[in-house]
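Since the structure comes first, as structure tokens, the remarks are kept for the end.
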Amino acid sequence: MGPVILTLNAGSSSLKFAAFALVKGAEPSQLASGQIEGIGATAQGSVKTAAGEKSDLTFDPSLRRVDHQVAMDAILGWLRQAGYDSSVAAVGHRVVHGGLHLVEPKLIDESVIATLKGLIPLAPLHEPHNIAGILAAMKAFPSTPQVACFDTAFHRSHPFVDDTFALPRSYYDEGVRRYGFHGLSYEFITRKLGKIAPKIARKDVVIAHLGNGASMCAVHDGRAVATTMGFTALDGLSMGTRCGQLDPGVVLYLMTEKKMNADEISDLLWKNSGLKGMSGISQDMRELETSDSPAARDAIAYFVSRIRRELAGLAGTVDGVEAVVFTAGIGENSWKVREAALNGMEWMGIHLDVEANRANAQIISAKHSPTTVFIIPTNEELMIAEHTVRTAGVTG
Ligand code: ADP
């Protein structure tokens, strides 16, 4: 068996992974992908091969609490069973925050880990888990190169005005900036668009990454100009459980009038707002779309309304839009959200092909539409695998 690349995406309660075979002269080919949910409690995990065979990952039943290391060991167990373990030539990690200095994918050593630890205050809900995933993988594969790929990296090309807040300059200088996130997804989409529609990809494009986390990004000639997420992954669109854009005065009100402390406010804004908080039902768009609750309808309507605002706003950061791309769970699958988001947008040159949209076609704008609208499934894992191959110098 040739070299295998393992990609890991470690969150607070989940560890997503994928294994790719390296084929000479071609892009890495996915062998399998899987995830472990419920880290911090009694976890469950499953894996699905490229051929569609599903199996469960096994954990020691006496364990009450599965941490990232135990989750990693379960992945290692599966790799062994599948006969891939001795072929793993490099491990690639999705890291949410690279700060000001970590931009290009980087081979992980002690100094990179120290830098990542220093970034924890900038991403307290993500970075510690990314680091836990890295440490677990280093233990499982002690002599295998590990590569960190940063979600903030794609956005480092923002011009100053789209990178700053209107605070005294000293805050910008110390790193209070619009870092932006979902960079690996945006990088994949711009590259894919370059293959599908090379002329369009050289112009101004707005990409809507609509998953549990959701953001949008304006891109010119494949380079990021502006995005809806800011200093943290809380800004911009409302999301599964996050509030999105919020008047900072609300935070002051919560502190001074409601006497909420930082942890309580953090829980409210990150975990109990967005689709979940507004609907009082679920963070899951599928569930809300089938619900007849007025609160579920309001939560979806707010989400859609933010997409429309941001689409128009991002168009103003570039010179209009040549194309719009929808991606991620909601963007790829919810024709209702896309239809509501683009309805009446002819003034922006967007003429929806209603049937194509309902069929989740690759192009969902009408033939005569000046702006082309695409659905392109994202593949952050492939992006990580490619960066890892290059950075670790693995050859097929
Ligand atoms: P994550 O950010 O966790 O990677 P995903 O990109 O998988 O999230 O997106 C998850 C979201 O996509 C959920 O809100 C889910 O309900 C929504 N989704 C997935 N399939 C559909 C569908 N067929 N219709 C509407 N929403 C969908």
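Side chains are part of it too, since the values below use all heavy atoms of this structure and drop only hydrogens, waters and symmetry mates. Atoms within a ligand are numbered from 1 in the order they appear, just like the ligands themselves.
- Against a heavy-atom cut-off of under 4.0 Å, Ser334 is close to the following atoms of ligand 1: 25 (C).
- Taking atom 5 (P) of ligand 1 as the reference point, the nearest protein heavy-atom neighbour is Gly329 N, 3.8 Å.
- The proximity of Lys16 to ligand 1, defined as any non-hydrogen pair under 4.0 Å, is limited to the side chain.
- Within the structure, ligand 1 has Gly213 among the residues with a heavy atom less than 4.0 angstrom away.
- Looking at Asp284 next to ligand 1, an N or O pair under 3.5 Å apart turns up.
- Aromatic pair His351/His368: centroids less than 6.0 angstrom apart.
- Ring geometry for His209 versus His182: interplanar angle under 30°, hence parallel rather than tilted (30 to 60°).
- Ranking the protein heavy atoms by distance from atom 8 (O) of ligand 1 puts Asn212 N, 3.2 Å first.
- Atom OH of Tyr171 is surrounded by 12 or fewer heavy atoms from other residues, nucleotides or ligands within 6.0 Å.
- The minimum heavy-atom distance between Phe154 and Ser157, with the atom names listed, is O-OG, 3.6 Å.
- Asn343 and Arg308 share no side-chain donor-acceptor pair at under 3.5 Å.
- Remark: ligand 1 and Leu210 share no N or O pair separated by less than 3.5 Å (distance only, no angle test).
- For atom 22 (C) of ligand 1, the nearest non-hydrogen atom from the set Thr327, Asn333, Asn360 comes from Asn333.
- Some N or O of Ile330 is nearer than 3.5 Å to an N or O of ligand 1, by distance alone.
- The residues Asp221 and Arg223 are annotated as not salt-bridged, no charged nitrogen and carboxylate oxygen being separated by less than 4.0 angstrom.
- Because its NZ or CZ atom is both nearer than 6.0 Å to the ring centre of Tyr172 and within 45° of the ring axis, Arg177 counts as a cation-pi partner of that residue.
- Ligand 1 has no N or O atom lying under 3.5 Å from any N or O atom of Ala328, backbone or side chain.
- Ranking protein heavy atoms by distance to atom 14 (O) of ligand 1, first place goes to Met285 N, 3.1 Å.
- Heavy-atom proximity to atom 26 (N) of ligand 1, evaluated over Glu380, Arg286, His209, Met239, is greatest for Arg286.
- Between the His68 side chain and the Ala10 main chain, no donor and acceptor come within less than 3.5 Å of each other.
- Of all the heavy atoms of Glu289, the ones lying under 4.0 Å from any atom of ligand 1 belong exclusively to the side chain.
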*Determine, stepwise, if the pair Asn9 / Leu15 fulfils side-chain contact (heavy atoms from CB on, under 4.5 Å).*
CA-CA 6 Å; Asn9 179 358; Leu15 181 59; over 6 Å; no

